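Right, one structure below, let's go through it.
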There are 2 protein chains.
Amino acid sequence: MKSSEVTCCTPVSDGLDGRQAVELADLLKVLADPARLRIVSMLASVADGEVCVCDMTEPLGLSQPTVSHHIKVLREAGFISSEKRSKWVYHRLVPAQLESVRAALAVRQPV
Amino acid sequence: MKSSEVTCCTPVSDGLDGRQAVELADLLKVLADPARLRIVSMLASVADGEVCVCDMTEPLGLSQPTVSHHIKVLREAGFISSEKRSKWVYHRLVPAQLESVRAALAVRQPV
DNA sequence: CACAAACATTGATGTGTGTCAATATATTCT
DNA sequence: AGAATATATTGACACACATCAATGTTTGTG
């Protein structure tokens, strides 16, 4: 801490408390992986919004278990939803979750 | 990959290539830490936009070397800029970098 | 000059995680 | 029922990283 005599700068009053910071960090950790970002990108760019794992392993260059792992992480964080139909599991984006992260990253102007 | 007979879903054409994914992931990794998020929050909420390390260690509950480490990571990623004046080093936010991350996270609608 | 304050650097340590091989489960087809 | 395909799970491993104690460096003060 600064010396009591000369002030260094204005005292800090952070708008983000510990819990909020951990929660947001957890969501960002999920997104902070190249493979998962590309999965999100795939789901966002595909026409009908649905993609199964079998079509992602090759473009990602990852093994099937690894892709399944990333899918699970994304789903548990609320970024995608999954539905099993017949032999395949279809995954689609949950735009609201991505938007909530975007909103949390907005710099709020001091009045 | 899917069998050649029955199509699983539309072929994927991800809009995010490997390099872009790694670059964005690297930026997100920097933000995906509670301490660094709180530092960013502090810099965003303080009146004159400047905070020195000595005033962040106590509210963060972290040691001075740890705070210095996080500051360095944030600076090297372009999220903050630092200026040494007399005995103290003042840090301020670079809003453009945060905005670029926000923009990259935007879900672009398929036409 | 000697001491203290602010910050940076180094080294060590524990924890988390991305990846794959192997295996398990579920579904479809013959 | 048996085989093949799609996906999930488990276990193991290597690597990254957040943290702190100790120390170094710079700047101001007695």
Side-chain angles (χ1 to χ4, degrees), chain A residues 1-9 11-12 18 21-22 25-40 50-58 60-77 80-92, chain B residues 1-9 11-12 18 21-22 25-40 50-58 60-77 80-92:
Chain A
M1 190 54 173
K2 61 179 178 295
S3 83
S4 56
E5 301 165 5
V6 183
T7 54
C8 156
C9 40
V12 285
V22 170
D26 283 341
L27 289 180
L28 288 170
K29 268 179 219 171
V30 171
L31 295 179
D33 180 272
R36 290 197 284 267
L37 284 176
R38 294 188 69 190
I39 291 175
V40 168
E50 289 186 331
V51 179
C52 64
V53 173
C54 61
D55 277 323
M56 290 193 277
T57 56
E58 189 216 315
L60 289 176
L62 294 173
S63 70
Q64 173 266 318
T66 299
V67 175
S68 278
H69 165 69
H70 288 308
I71 290 284
K72 185 179 182 179
V73 172
L74 284 168
R75 183 174 50 242
E76 287 178 347
I80 66 174
S81 63
S82 306
E83 181 191 358
K84 180 165 189 177
R85 289 202 304 270
S86 78
K87 190 159 63 169
W88 297 285
V89 180
Y90 296 89
H91 308 280
R92 49 173 57 241
Chain B
M1 189 55 172
K2 62 178 179 294
S3 83
S4 56
E5 302 166 3
V6 183
T7 54
C8 157
C9 39
V12 286
V22 170
D26 283 341
L27 289 179
L28 287 170
K29 267 179 219 167
V30 172
L31 294 178
D33 180 273
R36 289 196 285 265
L37 283 176
R38 294 188 69 189
I39 291 174
V40 167
E50 289 185 332
V51 178
C52 63
V53 173
C54 60
D55 276 322
M56 290 192 278
T57 56
E58 190 216 313
L60 289 177
L62 295 173
S63 70
Q64 173 265 318
T66 300
V67 176
S68 278
H69 165 69
H70 288 309
I71 290 284
K72 184 179 184 180
V73 172
L74 284 168
R75 184 175 48 241
E76 288 178 347
I80 67 174
S81 63
S82 307
E83 181 191 358
K84 181 166 189 177
R85 290 204 303 272
S86 76
K87 190 159 59 170
W88 298 287
V89 179
Y90 296 88
H91 308 281
R92 49 173 58 239

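Just so you know, these numbers come straight off a predicted model, no measurement behind them. Within every chain, numbering begins at 1; the chains are lettered A, B, ... in the order of the sequence lines, protein sequences first and strands thereafter.
- Between Leu62(B) and His70(B), some side-chain heavy-atom pair lies under the 4.5 Å cut-off.
- Between Lys84(B) atom NZ and dA5(C) atom P the separation is 16 Å, expressed in whole Å.
- Atom C1' of nucleotide dA8(C) and atom CE of Met56(B) are separated by 14 Å, given to the nearest angstrom.
- We find that CG of Leu62(A) is positioned 11 Å from P of dG18(C), with the value rounded to whole Å.
- Look at CD1 on Ile71(A): it is 14 Å from P on dG18(C), rounded to the nearest Å.
- Heavy-atom distances to DNA chain C give each of Arg85(A) and Gly61(A) a nearest nucleotide, and the one nearer the 5′ end belongs to Gly61(A).
- Evaluated for a side-chain hydrogen bond (donor to acceptor under 3.5 Å, both in side chains) with Ser82(B), the options Arg92(B), His91(B), Glu50(B) yield exactly one hit, His91(B).
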Would you list the protein and nucleotides 10-15 of chain D atom pairs, both N or O, that sit under 3.5 Å from each other?
none

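- A close approach under 4.0 Å does not occur between any side-chain nitrogen or oxygen of His69(B) and OP1 or OP2 of dT9(C).
- Neither OP1 nor OP2 of dA18(D) sits under 4.0 Å from any side-chain N or O of Thr66(B).
- Out of dT26(D), dA18(D), dT7(D), the shortest distance to the side chain of His70(B) is found at dA18(D).
- Annotation: side chain of Lys72(B) is in contact with side chain of Arg75(B) (closest heavy-atom distance under 4.5 Å).
- Nucleic acid contact class of Arg36(A) (heavy atoms, under 4.0 Å, all strands): sugar-phosphate only.
- A donor-acceptor pair under 3.5 Å links the side-chain atoms of Arg36(B) to the main chain of Val30(B), judged by distance alone.
- The shortest side-chain heavy-atom distance between Gln64(B) and Ser68(B) falls under the 4.5 Å cut-off.
- Considering only heavy atoms from C-beta on, Val89(B) stays 4.5 Å or farther from Val53(B) through its side chain.
- For the pair Leu28(A) and Leu37(B), the minimum side-chain heavy-atom distance is below 4.5 Å.
- Residue side chain Gln64(B) does not reach the base of dA6(C) through any donor-acceptor N/O pair under 3.5 Å, judged by distance alone.
- Out of dT19(C), dT7(D), dT9(C), the shortest distance to the side chain of Ser68(B) is found at dT9(C).
- In this structure, Asp26(A) atom CG and dG16(C) atom P are separated by 12 Å, rounded to whole Å.
- Among the nucleotides dA5(C), dA26(C), dA8(D), the one closest to any side-chain atom of Lys87(B) is dA5(C).
- In this structure, the CG atom of Leu28(A) is 13 Å from the P atom of dA18(D), given to the nearest Å.
- Within the 4.0 angstrom heavy-atom criterion, only backbone atoms of the sugar-phosphate kind lie near Ser86(B); the bases stay farther away.
- Atom CH2 in Trp88(B) sits roughly 13 Å away from atom C1' in dA4(C) (whole-Å rounding).
- In this structure, CD of Glu58(B) is placed 18 Å from C1' of dC7(C), rounded to the nearest angstrom.
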